[in-house]
Amino acid sequence: MKCETYIFKKIMEYSSMSERILRSLENIIKHDFELADFSIVPTEDNTKNKSPVLYESHHLGLESWCIKYVYQYVCSELFKVRKNLAEKKIGYLIRDNLNYLLMGGLLINPDINTFWNMRRELVESDILSIEEELKFCKLVLTRKHKSNEAFSYRRWLLKRILEKMSKNGIVPSINILQNELSVSELAATGSQNNYHAWTHRIWCMEHFVPFFPHILTQELEFSERWISEHVSENTGYHYRQFLIKLLKNQRDIPLLMTYFNEVITKLNLLNDGEPSQLLILLLGKPLKNKSLEDISKHINVIVLLLYELFVVIENINNVYTEHESLWLHRRFILFSLIQLANEYFGENSKITKKITFNNTTSQMYNKNFINFVVNDNSGEKQAKIFKTQPSKFESSNLYRVLSNCEKEFISKNTGQSLLQIDLARRYEKWLKLIVGFDLT
Amino acid sequence: MVKLYCLSILYKGTTAATWLKSAFDLQSVSFFQRGSVHEFMQFCCKTVVERTLPASRQSVQQGDYFCHVYVRSDNLAGVVISDHEYPQRVSHTLLTKILDEFSEKIPASNWPNLQEKDVAFPQLNTYLAKYQNPREADALTKIQNELDETKIILHSNIQAVLERGEKLDDLVAKSEVLSTQSKAFYTTARKTNSCCNFG
């Protein structure tokens, strides 16, 4: 009997302690508009007998010894009301008082979808405001940069904003997008190869670019800076590839002048300020049934791709060697150039057929696929690789420029470390056997 | 991320290494853990320098971090802590450069008895900021040729640098550089990271 009362007393003690901790967390989050981040600070035990909530110059921390008690308390309290909340049978006094529990629970463990769903229900009944929620969600992401649940909650909130605005016929403000971009950058900086953050960025771009087409050029600059600082992260390259594809489908983008000038200098051409001349020089005169708009669309993409090949990749490769991600990115750029040339000629060339015989173009970048082709000497597939007749692309100036450029790039990289030589050789094989370049 | 976290200059005495100068950039580390990370980097610098022979270079990889050490034949030692993307060549040429400059500024006879606070060598902080961008290293190519002659010993983790019979856990427990909070930080990190190991 004595033992039971002791346990009961202990539980009560921990509950009131947890309650106090949660309230003070809520208080700080509510009142500090510049709160920078939240973290859990590892400690051995409660030795100092003071509050585990650390708060210093806009940084919030929680000592790890109390997590166990607080989390237990949050779970037991929240699951008591979970069912009633979902069925909307809950008294509003309790309903208005759930936020601090949910905050504490999600800061400790952001991967619990039930808690996020409870927040969704509270947003739907207008107890929590969307702006406040975006802020809280960001705070969660400062600790767990890869929380998929937090990102999906964010997108849910954004969708609500967008729906509301389109209903009222208002164009969303650019600040919303800027805020999302900064959140995704923060999460991507926090953990490397953070696909969740980049997926979120892509989602935002897809939904907001129709309203602000100029943001695309800004993003191109941002991603160029990013990949030159995060050379081994495939995610960053993937985002850049997404931007290039997005540019291809955007119509009303003015000529990217800085990239154009760079490309002209690299090609040793005279800059006559007539961008369509570049296209004619590289690929010949366009087909007659092409509209002017189509051609100008091609110019931006080809300029950007060549800039990527001549300047961006070159610069990175000069300083950082031995990163496979960069070589894979180069494959993407080259493939896109070929694809573009074929679109320009309006023909479905043999090259793309060769590449897509397994129905997925993505395999083109896959190194295993190359090994597969290289090792397979038995016939059929090899036979397809041999060229019969030069296509329009293969007789264009672009082809000549590219094959010279690739030859130079490969030979430059074969005098270095073993790993770099291996990467260069693999790339060479890919060019010869998959793309069908003649590099001799 | 391409990043330099720490540049340090130490003197490798007969029994222990002493600090001459250090510079840190820990902005990317969570606020409440900066103190512990700082102490750990110091601990790591000292431990590795004490286990590097004079006139040799070592590079130690520990997770996503790289620790590059160069001890000159006159026992002046330099350490760079960077992330795994930062080019190793640049780290080692940078070490040669800062040690050369340091020995020009401060006479060798003073090294054994100097305290860190008495050393006037503010350039270290400037270098730490400047060489965050490894492209700055283009100016260093001259030294690179000298570098090719010395062999850099590579280690895949810090345990590999330790002498026979030494254990990292014991060194951490004994260390005077580390506060109790940092030691707690170390043990929790060990526990969380060891979930995939048996035993």
Side-chain angles (χ1 to χ4, degrees), chain A residues 35-48 52-65 67 142-145 185-186 188-194 225-233 235-236 314-326 416-417 419-420, chain B residues 1-4 26-37 39-40 59 61 63-66 82-91 93-94 131-141 144 147-148 152 154 172-173 178-193:
Chain A
L35 203 58
D37 59 3
F38 171 77
S39 58
I40 288 180
V41 182
T43 44
E44 293 237 292
D45 232 326
N46 181 16
T47 43
K48 283 176 263 167
V53 180
L54 308 168
Y55 180 46
E56 217 180 305
S57 51
H58 301 298
H59 298 276
L60 181 61
L62 192 61
E63 289 183 356
S64 66
W65 63 264
I67 301 292
T142 57
R143 185 170 91 83
K144 282 256 165 135
H145 315 113
E185 187 183 348
L186 183 128
T189 321
S191 297
Q192 48 176 318
N193 276 322
N194 189 349
R225 201 173 59 239
W226 178 276
I227 58 173
S228 57
E229 284 167 3
H230 301 78
V231 275
S232 69
E233 283 188 35
T235 45
E314 203 72 25
N315 280 348
I316 298 177
N317 188 61
N318 285 343
V319 185
Y320 310 95
T321 52
E322 304 181 6
H323 291 294
E324 190 177 19
S325 45
L326 187 66
Q416 299 187 8
S417 70
L419 184 57
Q420 186 73 355
Chain B
M1 207 198 319
V2 180
K3 187 127 189 78
L4 282 181
L26 297 174
Q27 283 303 311
S28 55
V29 181
S30 135
F31 182 80
F32 294 102
Q33 287 167 10
R34 257 171 231 168
S36 296
V37 173
E39 284 175 16
F40 262 100
S59 289
Q61 186 173 19
D64 282 339
Y65 297 94
F66 254 106
S82 72
D83 75 344
H84 70 112
E85 282 181 349
Y86 198 88
Q88 293 183 38
R89 289 257 123 193
V90 178
S91 300
T93 32
L94 181 60
Y131 285 91
Q132 290 296 346
N133 179 5
R135 282 170 224 279
E136 291 289 341
D138 287 345
L140 295 179
T141 37
Q144 193 140 346
L147 189 66
D148 290 330
I152 302 166
L154 270 169
V172 169
L178 301 171
S179 62
T180 32
Q181 204 204 337
S182 300
K183 285 178 187 172
F185 176 76
Y186 173 80
T187 33
T188 0
R190 284 276 285 187
K191 250 187 257 165
T192 10
N193 292 340

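Convention: sequence-line order gives letters A, B, ...; per-chain numbering from 1. Note that the coordinates shown come from a computational prediction; the quantities given were computed from them, not determined experimentally.
Of the two parts of B/Q33, only the side chain, counted from C-beta on, holds a non-hydrogen atom closer than 4.5 Å to a non-hydrogen atom of chain A. Contact annotation for A/E56: both backbone and side-chain heavy atoms come within less than 4.5 Å of a heavy atom of chain B. Neither the backbone nor the side chain of A/T142 has a heavy atom closer than 4.5 Å to any heavy atom of chain B.
B/V2 is listed as a side-chain neighbour of A/Y320, based on a closest heavy-atom distance under 4.5 Å. Side-chain contact between B/S28 and A/T189: absent, with no pair of heavy atoms (C-beta onward) separated by less than 4.5 Å. At a threshold of 4.5 Å between non-hydrogen side-chain atoms, the residues B/H84 and A/Q192 count as touching. Taking the side chain as every heavy atom from C-beta outward, A/R143 and B/S30 never approach each other to under 4.5 Å. Using a 4.5 Å heavy-atom threshold, the side chains of B/Y186 and A/P42 count as separate. Contact annotation: the side chain of A/N318 never approaches that of B/R135 to less than 4.5 Å [non-hydrogen atoms, C-beta and beyond]. B/Q181 is listed as a side-chain neighbour of A/V41, based on a closest heavy-atom distance under 4.5 Å.
The line from CG of A/L60 to CZ of B/F31 is 11.5 Å long, rounded to the nearest 0.5 Å.
Summarising the geometry of A/V319 relative to B/P87, their closest heavy-atom pair is O-CG, 3.8 Å, with the distance given to 0.1 Å. For B/E85 against A/E233, the heavy-atom pair with the smallest separation is OE2-N, 3.9 Å.
Ring geometry for A/H59 against B/F32 counts as perpendicular: the plane angle is over 60°, on a 0 to 90° scale with 30° as the lower cut.
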